[in-house]
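What follows is a short report on a single structure.
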Amino acid sequence: MGVPRADRTLVMGVLNVTPDSFSDGGRWGCVDAAVAHGTAMVAAGADLVDVGGESTRPGAGRVSEAEEVRRVLPVVTALASAGAAVSVDTMRSAVAAAAVDAGAVLVNDVSGGLADPRMHPLVADLGVAYVAMHWRGHADRMDTLDRYGDIVADVRAELAARVAAMRAAGIADQQVVLDPGLGFAKTGTSCWPLLARLDELLADGFPVLVGASRKRFLGTLVDRCDGPPSDRDAATVAVSALAAAAGAWAVRVHEVRSSVDAVRVAQAWQAARDDGKKR
Ligand code: PMM
């Protein structure tokens, strides 16, 4: 199972079945509500629905493996059997294994394999698509790990080390998506160079996922840190358009419809530019 592809940037809808995620925590805690929201995101144009059962908001503690499985499995099962392309947002190999068995087509690991040494061998064994995100430590301490020289060069080097580990474990390059991990060990304005220099990340030859949706750096930019996270949706859509124009493989967003529109705008823009070059 290689990485899903399309002729435009894909849109991954966020479905957190947690009581405490920073944006949608507590909203989709009951299975029926979560499945209904996942189905609505697909109807709004989501190419993938990313189901997560453990919050990674700054300062969050861990949940037990059993609790994570209890949260995600019924939702993954229901959405996958309804025909949705489901990804599972987990750092745990046991959760990934259960979710893939229930029909998930992609494992989204914010730790890139660092949190669980059994993750890479499992992904190699399953042959499933795998997002490896740039990560330096768990949510309870990640804000203290924001020390970089040239952040783009450092993130690329650390992702390259993850790629080496994946290859050593037997994961094929065709399974792999990389992600700069916006907001993870990145505070203040440190996400901006990673977005502005997306071309450098893409130059390493892997598809790149951009997860900017509603994050703190956008709240700071638009001076809406204290309001509801959905106040950052317009800024998120702008990032979706620019990330798509830069060639991102996918954007991971809470509000799907407007990001689908944004990536379509970028696609039409690019197509017209390519046409112009042929004249
Ligand atoms: N961000 C969050 C969770 N999972 N996965 C990937 N691959 N990239 C991200 O940027 C990312 C992620 C942050 O929490 P949220 O689920 O509330 O958006």
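Just follow the structure's listing: the first ligand is 1, and inside any ligand the first atom is 1.
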*Search all heavy atoms of Asp233 against all heavy atoms of Arg214 and return the closest pair with its distance.*
OD1-NE, 2.8 Å
*Would you tell me whether Thr187 and Asp143 have side-chain atoms, one donor and one acceptor, within less than 3.5 Å of each other?*
no
*Does a donor on one side chain sit under 3.5 Å from an acceptor on the other, for Thr90 and Glu68?*
yes
*Write down, by chain and number, every protein residue that brings a non-hydrogen atom to less than 4.0 Å from an atom of ligand 1.*
Val14, Asn16, Phe22, Thr56, Asp89, Asn108, Val110, Val131, Met133, Asp179, Phe184, Leu209, Gly211, Lys215, Arg252, His254
_Tell me whether Arg71 is salt-bridged to Glu67, with the criterion being a basic N under 4.0 Å from an acidic carboxylate O._
yes
*Identify whether the distance between the nearest side-chain nitrogen and carboxylate oxygen of Arg8 and Asp47 falls below 4.0 Å.*
yes
*Relative to the ring of Tyr148, is the ring of His134 parallel (under 30°), tilted (30 to 60°) or perpendicular (over 60°)?*
tilted
